Amino acid sequence: MKASNRRYLEFIPSFEDSSRGKQKLKDLSRTIESNGRKYKGFNFFKEDELYLLERLIRGEFNIRGFQNKDLRQYFLDKSSGYISNVLKRLRVHGLIRKIGRTYKYYLTKLGKQVTIAGLKIKRMFLIPELAVS
């Protein structure tokens, strides 16, 4: 009986609880109001938002952080104000954090999880599925 209980207790953690992940996704896709302003959620199937996430996960940004001017080189058709709005949106949703008294940002743990998950979905599921004719 003791061995049976031990095996059962070892088996229980193997269940995947996706409720936290579902809640995080719901929170990220929901519009948030902060200081009287509304910031729309993220849609990971929109090409421009996925492009943004691909840029944020770059190695050099992970090491030294990134600024508005760093992102502008990837969004040549966008203004500095647009990039500032995107950075604020990312901050409000908890995907990036600002380093105190600087203009630098880093991805949070949630930001890294979301970015990697979005890229995995695109590369591992969408592209192969759409390639089948």
Side-chain angles (χ1 to χ4, degrees):
M1 184 71 159
K2 191 175 183 179
S4 172
N5 286 342
R6 182 185 48 77
R7 285 191 302 272
Y8 182 70
L9 290 174
E10 289 173 358
F11 175 69
I12 289 175
S14 68
F15 297 135
E16 288 190 26
D17 180 20
S18 62
S19 61
R20 279 186 63 201
K22 287 179 185 177
Q23 186 60 42
K24 285 180 184 179
L25 182 61
K26 188 184 287 186
D27 291 343
L28 289 172
S29 59
R30 182 180 301 153
T31 299
I32 294 180
E33 188 170 337
S34 174
N35 296 328
R37 292 198 57 186
K38 291 185 178 184
Y39 298 95
K40 70 178 184 170
F42 289 92
N43 180 353
F44 298 104
F45 293 104
K46 284 183 70 175
E47 188 62 36
D48 58 338
E49 292 186 5
L50 199 53
Y51 181 77
L52 170 69
L53 294 176
E54 288 174 347
R55 298 304 156 259
L56 292 179
I57 201 72
R58 293 178 60 88
E60 73 251 23
F61 294 159
N62 204 3
I63 294 170
R64 66 174 173 80
F66 56 91
Q67 299 177 340
N68 184 320
K69 67 179 181 177
D70 296 326
L71 293 179
R72 271 186 291 179
Q73 67 184 344
Y74 299 108
F75 296 92
L76 298 175
D77 60 331
K78 304 293 184 186
S79 68
S80 177
Y82 173 83
I83 301 295
S84 293
N85 288 337
V86 168
L87 290 173
K88 181 64 176 180
R89 238 175 95 205
L90 289 165
R91 278 183 71 191
V92 169
H93 281 88
L95 298 178
I96 63 172
R97 66 181 169 90
K98 186 175 180 182
I99 304 305
R101 297 190 181 124
T102 68
Y103 295 107
K104 284 191 176 186
Y105 299 91
Y106 287 98
L107 282 173
T108 61
K109 183 178 178 182
L110 174 64
K112 289 177 184 177
Q113 288 174 336
V114 166
T115 304
I116 291 170
L119 296 176
K120 279 184 182 179
I121 289 170
K122 179 181 176 184
R123 291 195 179 122
M124 295 178 72
F125 298 106
L126 288 178
I127 293 173
E129 191 65 32
L130 294 174
V132 177
S133 25

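Because the structure is a prediction, the values reported are computed rather than measured.
Qualifying salt bridge (charged side-chain N to carboxylate O under 4.0 Å, His left out) partners for R55, counting only residues two or more places apart in sequence or in other chains: none. Residues forming a side-chain contact (heavy atoms from CB on, under 4.5 Å) with N43 (at least two apart in sequence, or on another chain): F45, K46, E49. Remark: K88 engages no residue in a side-chain hydrogen bond (donor to acceptor under 3.5 Å, both in side chains) (not counting sequence neighbours). Qualifying side-chain hydrogen bond (donor to acceptor under 3.5 Å, both in side chains) partners for S84, counting only residues two or more places apart in sequence or in other chains: N68.
Counting only residues at least two apart or on different chains, no salt bridge (Lys or Arg N to Asp or Glu O under 4.0 Å) pair has a member in residues 32-42. Pairs engaging residues 56-79 under the ring-ring contact (aromatic ring centres under 6.0 Å, His included) rule: Y51-F75, F61-F66 [sequence neighbours left out].
N85 places no side-chain N or O within donor-acceptor distance of the main-chain N or O of Y82, the cut-off being under 3.5 Å. Using a distance-only test at 3.5 Å, with no hydrogens or angles considered, a donor-acceptor pair links the side chain of S29 to the main chain of K26.
Placement of V86 and L119 within a single hydrophobic cluster is found when ILVMFWY residues are connected by side-chain heavy-atom separations under 4.5 Å, directly or transitively. Residues I32 and L87 are members of separate hydrophobic clusters, defined by side-chain heavy-atom contacts under 4.5 angstrom among Ile, Leu, Val, Met, Phe, Trp and Tyr. F42 and Y39 fall into different hydrophobic clusters, where Ile, Leu, Val, Met, Phe, Trp and Tyr side chains are chained together by heavy-atom contacts under 4.5 Å.
Within a 6.0 Å radius of CG in N35, other residues, nucleotides and ligands contribute 12 heavy atoms or fewer.
Put simply, CZ on R91 and OG1 on T108 are 12.0 Å apart, with the number rounded to the nearest 0.5 Å. Distance CZ/R58 to CD1/I63: 11.5 Å, rounded to 0.5 Å. Rounded to the nearest 0.5 Å, atoms NZ (K78) and CG (L52) are 11.0 Å apart. Remark: S79 OG to R72 CZ distance equals 9.0 Å, nearest 0.5 Å.
Between V114 and K24 the shortest side-chain heavy-atom distance does not fall below 4.5 Å. When side chains are defined from C-beta on, L56 counts as touching L71, because their heavy atoms get closer than 4.5 Å. By the 4.5 Å heavy-atom criterion applied to side chains, T115 and K112 are not counted as neighbours.
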List, one per line, each side-chain donor-acceptor pair under 3.5 Å for residues 92-107, sequence neighbours excluded.
from: H93; atom 1: ND1; to: R89; atom 2: O; distance (Å): 3.0
from: H93; atom 1: NE2; to: R30; atom 2: O; distance (Å): 3.1
from: T102; atom 1: OG1; to: I99; atom 2: O; distance (Å): 2.8
from: T102; atom 1: OG1; to: K104; atom 2: N; distance (Å): 3.2
from: K104; atom 1: NZ; to: R64; atom 2: O; distance (Å): 3.2
from: Y106; atom 1: OH; to: R64; atom 2: O; distance (Å): 3.3

